[in-house]
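Indexing begins at 1, ligand by ligand and atom by atom, following the structure's order. Starting from 1, each residue takes its place in the sequence as its number.
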Amino acid sequence: MRVLPAVAAALAAGAPVVALESSVLAQGLPIPSNRAAAEGMSRAVARAGAMAAITAVVHGRAALGLEPAELERFLARDGVRKVSSRDLGVAMAQGADGATTVAASLCIARAAGVTVFSTGGIGGVHRGAPFDESADLVELARTPIVVVCAGAKSILDLAATLERLETLGVAVVGYGTDELPGFFTRSTGLKLTARADSPEEVAAMHRASRSLGRYQATLVVQPLPAAVALPQDEVDDAVHQAIEDARRAGVTGAATTPFLLGAVLRATEGRSLLANLGLLEENAFLAGQIAVALGR
Ligand code: PSU
Ligand code: MN
């Protein structure tokens, strides 16, 4: 694997580093918002006093940190495949360009020694198809990294996703909330058992879990900013329509999540994009703060 020199230097010096995924850039968000997302997240991490590093497979090499020209290829998304954890070895051996999901990004971040990761939403258990469970959950269960997100998107079965995370031993920590956030909405009515109100509290929870030799992630869920949250009924309508469209179009497997995300994005127009960009930045900033707290 390859670590960008500046990132390698930061890691060697024990300076705070936050890993970011690339599937949200190459498959999750439309052009040109994906550029705004990449820049916004990196700036937010820097504002918190940490260094951002995007994970990907670049011409067959697992990479932590992208050169500007490489980032351009991923933003233009020509010939860039979606790479989950199962796909890593294949994409590397084939010399491919791959945008990594949360699951695959965690594999790369861990291999490089990064302890904090930030994203928008994690994958989970799909509605009406409980056998389609994102590999994100399994990787969260075996990767000792703090993962910051805005919950799992409402295209998923959130209650089932929460149950699976409990079974897998992953602590789900509400940041400034007692409820699981709904990605586009600030609450879901699903109660959490853990809450933190400062980066230091999160760091203490993760350290304590690690002190027992446990290797599960600490999953921090932060509600999106109120100013960009969407009305619950609008999100529900868009999701129902998207799931119906996917069923009719016969979409299955790894194509499901990008298809549903795209359909919801179109149905809610510009506002879900604004929401997405807003929460990606907020999460990146919090992740930066947690990385700084963990380094103390
Ligand atoms: N949720 C989002 N945006 C995304 C994804 C999830 O709101 O872009 C992406 C992430 O990369 C996540 C992946 O890891 O979708 C999950 O895909 P699957 O369900 O195929 O595991
Ligand atoms: Mn799936």
Are Asp97 and Arg73 close enough for a salt bridge, meaning some N to O gap below 4.0 Å?
yes
Honestly, for Glu21 the part within reach of ligand 1 (heavy atoms, under 4.0 Å) is side chain
I need the atoms of ligand 1 closer than 4.0 Å to a non-hydrogen atom of Lys82, numbered in the order shown.
17 (O), 18 (P), 20 (O)
Taking only heavy atoms of Gly28, which atoms of ligand 1 are found under 4.0 Å from at least one of them?
8 (O)
Among all protein heavy atoms, pick the one closest to atom 18 (P) of ligand 1 and tell me residue, atom and distance.
Thr257 OG1, 3.6 Å
Atoms of ligand 1 close to His126 [distance to a heavy atom under 4.0 angstrom, numbered from 1]
19 (O)
Hey, is Val102 touching ligand 1 through its side chain, its backbone, both or neither, going by heavy atoms under 4.0 Å?
both
Can a side-chain donor-acceptor contact be found between Gln232 and Asp236 if the only test is distance below 3.5 angstrom?
yes
Atoms of ligand 1, numbered as shown, that sit under 4.0 Å from any heavy atom of Ser23
11 (O)
Just to be sure I read this right, does ligand 1 sit under 4.0 Å from the backbone of Leu261, its side chain, both, or neither, counting only heavy atoms?
side chain
Would a 4.5 Å heavy-atom cut-off, applied to side chains only, mark Met51 and Val45 as touching?
no
Could you see which bit of Asp136 sits under 4.0 Å from ligand 1, with heavy atoms only: side chain, backbone, both or neither?
side chain
For the Mn ion (ligand 2), the nearest N/O/S atom on Asp132 is atom OD1
Polar contact flag, side-chain donor to acceptor under 3.5 angstrom, Arg47-Gln289
no
Need the ligand 1 atom indices (1-based, order shown) with element for anything under 4.0 Å from a heavy-atom of Val24.
8 (O)
Give the residue, atom name and distance (to 0.1 Å) of the protein heavy atom nearest atom 1 (N) of ligand 1.
Gly121 O, 3.2 Å
Do other residues, nucleotides or ligands put more than 12 heavy atoms under 6.0 Å from the CZ atom of Arg195?
yes
Hydrogens and angles aside, do Glu21 and Thr119 bring a side-chain donor and acceptor to less than 3.5 Å of each other?
yes
Among protein heavy atoms, which sits nearest to atom 7 (O) of ligand 1, and what does the distance come to when rounded to 0.1 Å?
Lys153 CE, 3.0 Å
Would His206 and Arg214 count as having a side-chain donor-acceptor pair, cut-off 3.5 Å?
no
With hydrophobic residues grouped by side-chain heavy-atom distances under 4.5 Å, do Val125 and Val138 end up in a single group?
no
Considering only non-hydrogen protein atoms, determine which one is nearest to atom 21 (O) of ligand 1 and report residue, atom name and distance to 0.1 Å.
Ser134 OG, 2.6 Å
Leu279 and Ala150 have their tightest heavy-atom pair at CD1-CB, 3.9 Å
